[in-house]
Structures are given as C-alpha cells and as structure tokens.
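What follows is a single structure, written as structure tokens, with notes after it.
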Amino acid sequence: MPLNSSTVPLSVDFSSPGDYFIFLYHIVFATCSALLAGSVVLGILSTRSLRAQNRFIFMLNTSASDTLTGLSVYYLGLFDVQEGYPSRNGTHYILPSFMGVNVMTFLFAQFDRYLAVCHPFFYTRFITRGFVIACCAFSWFYTYLILAVQSLLPVAQAVKMSAFGIMTLQVIVVFKVLMTIKLYFIAKHQLAREPPSPERDSKKESLRIIVFVVICFLLLWGPSFVNIMVRYLSSGGLRFRNEATNAFAIMARFNALSTPALYIWGSPALRNAVWARVWRKGCRTRTTDRMFSSHVKPMKEAVLSISQSSKDT
C-alpha cells in the first residue's frame with residue numbers, strides 16, 4: 001500500500017516466490033536490454049563506415065528505441081502501472097510506444113532493402129542518407145503526434161482514436177508479413193544468381209538480418225497485438241493486474257533485447273565495432289582504474305609510514 005497519495009506502489013506484494021521472480025526478472029531484463037541496445041547505439045555512432053550505410057541508420061534508430069524501452073521497464077516493470085482507458089499510474093502510452101517506433105522503422109527498413117536489391121540504380125540515386133534519417137525521424141514524430149492528440153481528446157474520443165490506431169497497425173503488420181516473405185525469396189533466389197562479390201555478401205547479410213529481426217519481432221509482439229484487438233472488438237481477451245504481470249507485454253518488450261542481439265549476431269562489422277569501440281574500451285578503463293588504485297594504495301601507505309617515522313625522530 002502506498003504511504004501517501006503521491007507514492008506509486010510496487011508491482012508485486014512479495015507474497016509468493018513468483019512475485020520475487022517477476023521483480024528480479026524486470027531488473028535483470030531492463031539492465032541487459034539497455035546495456036546491449038545502448039552498446040549498438042554507441043558502436044554505430046562512433047564508427048564512420050557504419051554511419052555512412054543506410055541499413056545501419058535504421059539499426060541505430062531501433063536500437064535507440066530499444067534502449068529507452070529497456071530503461072522504461074524500471075518503471076513499468078517495478079511499479080504498479082496499468083496503461084489504457086482508464087489507466088493507473090500510467091504514462092499515457094508514452095513508454096510503451098517506443099515499440100511503435102520500431103514497427104514503423106522496420107517497415108521502412110524492409111522497403112529500403114527491397115529497393116537496394118531489386119532496384120539498385122533507383123536506390124543509389126534517390127534513397128540518400130538524408131532521406132533515411134527523415135524516415136526515422138518521421139517514425140518518432142508520427143507515433144508521438146498521435147499520442148499528443150489522444151491526450152487532448154475526451155476519453156470516449158481517445159478510445160475511438162486508439163481503436164483506429166489498432167486498425168492502422170493491422171495494415172502495417174500485413175505489409176510487414178508480405179515484405180518479409182518477398183525479401184526471403186529475394187535472398188534465396190535472386191542473390192544466388194549474382195556472381196560472388198563483397199556487394200552481394202553485404203546485400204545477403206542485410207536481408208538475412210532484417211528477415212530474422214522482423215520474424216522475431218512479429219512472433220514476440222503478435223500475441224499482445226491479438227489480445228489488444230480482441231479486447232477492443234469484444235468483451236473477451238485476457239486482462240492482467242498491471243504491466244509487470246502482463247505476459248503478452250513482457251513478450252513484446254523482449255524485442256528490446258532480441259533485436260540488438262540479432263544485429264550483433266548477423267553483422268560482423270557491427271560486432272567488431274561494438275567490441276572495439278564500446279566493450280573493450282570499457283574493460284580497459286576498469287582495468288586501468290584497478291591498476292591505478294592498486295599502485296596508489298602502497299604509495300600512500302609508504303608516505304604515511306615515512307611521515308610517522310619522521311615524527312618519532
């Protein structure tokens with residue numbers, strides 16, 4: 001129970017072992033996803049060759065969203081929060097909508113890969129780095145513009161607008177499925193006919209990453225999407241005590257960990273950048289600090305000893 005009206009209670013009451021597991025899981029997940037996705041962000045930002053490629057701009061955008069999703073779990077997973085109409089200690093969908101940014105970004109990335117492989121001359125001429133950055137910015141602008149409008153409307157109108165947003169997501173999901181199938185056949189048949197070259201290997205790698213990432217995203221996010229649709233269209237659907245115990249929301253948020261992991265697994269260039277620019281530097285800094293402290297301590301003791309002996313004489 002909260003101590004006063006301004007205190008948000010914890011998500012569980014620790015009355016069973018399952019409560020401890022849920023609470024610890026959210027702490028571990030939030031930390032791991034924020035660190036892993038944040039490492040991808042830093043690795044891309046600190047490597048010029050990666051920043052110059054459009055596909056890594058899309059990875060940067062989704063990884064930034066995944067980092068914020070991981071950090072948001074420190075609130076959504078540890079405290080008693082229920083998003084919706086009506087909400088309880090909610091954020092007006094501000095924190096859960098980071099995943100909505102990824103939905104649109106993946107759709108843009110799929111079209112980007114399709115044009116890069118099937119229409120290379122058009123792609124080289126028109127799909128510039130600035131255009132890709134504008135697409136990524138639009139995914140943020142559109143997502144949070146809808147939320148801003150909903151927050152200004154009466155509850156009844158906001159519910160209707162939210163239902164319209166769900167229908168729009170249905171259309172996007174259908175396009176994503178069709179594009180995933182299309183990209184799979186392109187990777188399997190069209191690229192196989194091209195002669196071996198670094199460009200072909202790069203195209204094949206990028207297609208493989210986006211296909212695996214989108215499939216994983218849809219599998220993890222699909223159950224939550226279906227449950228939301230059922231709840232809007234009927235009186236059925238599963239309801240949970242809060243966001244921390246919502247099994248479907250937990251599955252959907254797991255994309256914040258799986259997506260950057262798939263990026264690192266599928267791209268040797270990104271893997272090397274993350275290791276060289278982020279992880280190795282972090283390990284080296286901690287080792288240097290440890291060595292410095294181990295040398296400073298004996299020197300400090302020696303100085304104190306000399307000072308004490310001089311006082312005695």
Side-chain angles (χ1 to χ4, degrees), residues 2 4-9 11 26 30 61-62 64-108 133-177 217-218 220-253 255-256:
N4 53 62
S5 59
S6 63
T7 302
V8 179
S11 57
H26 287 304
N61 195 53
T62 58
S65 176
D66 290 333
T67 303
L68 295 175
T69 298
L71 295 175
S72 72
V73 175
Y74 284 117
Y75 180 68
L76 296 177
L78 302 184
F79 295 94
D80 184 30
V81 179
Q82 182 65 59
E83 299 283 2
Y85 298 101
S87 67
R88 184 175 68 255
N89 304 319
T91 64
H92 301 286
Y93 284 108
I94 292 176
L95 299 185
S97 291
F98 292 135
M99 289 184 290
V101 173
N102 281 3
V103 171
M104 299 197 64
T105 304
F106 286 142
L107 183 63
F108 290 139
I133 294 175
C135 289
C136 293
F138 175 78
S139 66
W140 289 88
F141 174 78
Y142 174 80
T143 300
Y144 286 98
L145 175 64
I146 296 299
L147 288 183
V149 173
Q150 283 184 355
S151 65
L152 298 176
L153 294 176
V155 175
Q157 297 297 323
V159 171
K160 292 181 180 179
M161 188 172 182
S162 181
F164 175 77
I166 294 295
M167 294 179 62
T168 304
L169 281 178
Q170 286 180 320
V171 177
I172 293 176
V173 168
V174 171
F175 271 110
K176 288 171 69 66
V177 172
F217 183 86
L218 291 175
L220 291 173
W221 189 67
S224 178
F225 179 68
V226 172
N227 188 56
I228 292 173
M229 284 195 303
V230 172
R231 289 176 55 185
Y232 270 103
L233 299 176
S234 67
S235 59
L238 297 178
R239 300 178 184 274
F240 299 88
R241 182 175 58 188
N242 51 36
E243 296 296 321
T245 57
N246 187 335
F248 296 143
I250 291 174
M251 287 180 61
R253 287 194 293 263
N255 279 295

Practice item. Keeping the roles fixed (side chain from S97, backbone from I94), state whether a donor-acceptor pair exists under 3.5 Å. Key: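 Not a single qualifying donor-acceptor pair exists.
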Check your understanding: Does the S139 side chain pair with the main chain of C136, one donor and one acceptor, at a distance under 3.5 Å?
Key -> yes
**Study point:** Partner of N102 by side-chain hydrogen bond (donor to acceptor under 3.5 Å, both in side chains), out of D66, N61, N255
**Key:**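 Result: among D66, N61, N255, D66 is the only option passing the side-chain hydrogen bond (donor to acceptor under 3.5 Å, both in side chains) with N102.
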Check your understanding: Would the number of heavy atoms belonging to other residues, nucleotides or ligands and lying under 6.0 Å from CZ of F240 be above 12?
Key -> yes
Review point. Do we see a donor-acceptor contact under 3.5 Å between the side chains of N242 and T245?
Key: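 Yes - a donor-acceptor pair under 3.5 Å links their side chains.
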Minimum heavy-atom separation for [X] to [Y], with atom names?
X    : Y    : answer
A148 : S151 : O-OG, 2.7 Å
A244 : S11  : CB-CB, 3.4 Å
V73  : A30  : CB-CB, 3.8 Å

Are [X] and [Y] side-chain neighbours, meaning at least one heavy-atom pair lies under 4.5 Å?
X    : Y    : value
V103 : L107 : no
F98  : Y144 : yes
V173 : W221 : yes
H26  : I250 : yes
P9   : N89  : yes
Y75  : T91  : yes

Just how far is it from atom [atom1] of [X] to atom [atom2] of [Y], taken to the nearest 0.5 Å?
X    : Y    : atom1 : atom2 : result
E243 : L95  : CD    : CG    : 10.0 Å
L145 : W140 : CG    : CH2   : 15.0 Å
I146 : M161 : CD1   : CE    : 4.0 Å
H92  : L147 : NE2   : CG    : 10.0 Å
M99  : Y93  : CE    : OH    : 11.0 Å
N227 : R239 : CG    : CZ    : 8.5 Å

Point to revise | Those residues that, when tested against T62, pass side chain to side chain donor-acceptor pair (under 3.5 Å) (two or more places apart) | key: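 T62 satisfies side chain to side chain donor-acceptor pair (under 3.5 Å) with Y263 once adjacent residues are dropped.
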